[in-house]
Amino acid sequence: MRALPLIAVGVIALSACGQREETSAPAALAPVADAAPAPLVAAPASAEEACRRAVLIQYGQDGQAVAYDPATGQVSWAAPVDGGRLSFACAVRGAEVVLSRDDQTQTVTLPTSAAAPAVAQEAR
């Protein structure tokens, strides 16, 4: 008999599940002003700048840590794990930068809008 009130409360609580509350129709939405398109990021001024951007996007290395050799098109930086040196041949093809070494090739597409650097940062 003591379980009867508990069962009754449970039935009442479960009977309310799935029922929607009556609401009035939503108010008409105000027209949204046309948003201005995001400005384009300037294309890299040089192969060095493009290669440095690609290394930053792909590996998170930037600034003075990254060395660029214009004679060979190589980018390199200190390896974070063993203290050695990572180096890649770098080729620029429009908005794409190709980093390659040891028969491995990675293509990095450089951002073309103002929002893209934030997206690249969030992706890491």
Side-chain angles (χ1 to χ4, degrees):
M1 282 291 190
R2 291 171 34 190
L4 188 59
L6 184 60
I7 293 172
V9 169
V11 169
I12 293 171
L14 289 175
S15 68
C17 290
Q19 293 181 0
R20 299 187 122 193
E21 190 176 311
E22 294 292 324
T23 59
S24 61
L29 298 175
V32 176
D34 291 335
L40 295 179
V41 172
S46 65
E48 177 179 0
E49 184 181 342
C51 291
R52 286 180 179 275
R53 279 191 197 176
V55 168
L56 175 62
I57 290 169
Q58 189 71 21
Y59 297 102
Q61 302 291 323
D62 66 345
Q64 297 300 324
V66 179
Y68 177 79
D69 182 359
T72 62
Q74 293 274 331
V75 289
S76 63
W77 62 93
V81 176
D82 62 5
R85 195 126 186 106
L86 290 172
S87 64
F88 290 85
C90 182
V92 180
R93 298 181 186 139
E96 292 185 342
V97 178
V98 179
L99 300 171
S100 56
R101 72 175 250 198
D102 300 331
D103 296 328
Q104 297 177 352
T105 301
Q106 299 176 2
T107 302
V108 179
T109 302
L110 297 179
T112 57
S113 73
V119 172
Q121 177 67 28
E122 185 175 326
R124 280 191 232 157

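All residue numbers in this chain count up from 1 along the given sequence. Bear in mind the structure is a predicted one, so any value in this text is a computation, not a measurement.
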Sequence-distant partners of A95, side chain to side chain contact (heavy atoms under 4.5 Å, CB included), two or more places apart: none
Heavy-atom pair with the smallest gap, counting every atom of A50 and V97: O-CG2, 3.7 Å
Contacts of A65 that satisfy side chain to side chain contact (heavy atoms under 4.5 Å, CB included) - sequence neighbours left out: Q61
Residues which pass side chain to side chain contact (heavy atoms under 4.5 Å, CB included) with R85, listed by chain and number, not counting sequence neighbours: A67, S76, A78
Side chain R52, main chain G63, donor-acceptor under 3.5 Å: yes
Least distance between heavy atoms, Y68 atom then G73 atom: OH-CA, 4.0 Å
Pairs satisfying side-chain hydrogen bond (donor to acceptor under 3.5 Å, both in side chains), at least one member in residues 96-105, at least two apart: none
Aromatic ring pairing W77/Y59, orientation class (parallel under 30°, perpendicular over 60°, tilted between): tilted
Donor-acceptor pair, side chain of R93 and main chain of V98, under 3.5 angstrom: no
Inter- and intrachain pairs under disulfide (SG to SG under 2.5 Å), touching residues 75-111, at least two apart: C51-C90
Counterpart residues, side-chain hydrogen bond (donor to acceptor under 3.5 Å, both in side chains), relative to D69 (two or more places apart): T72
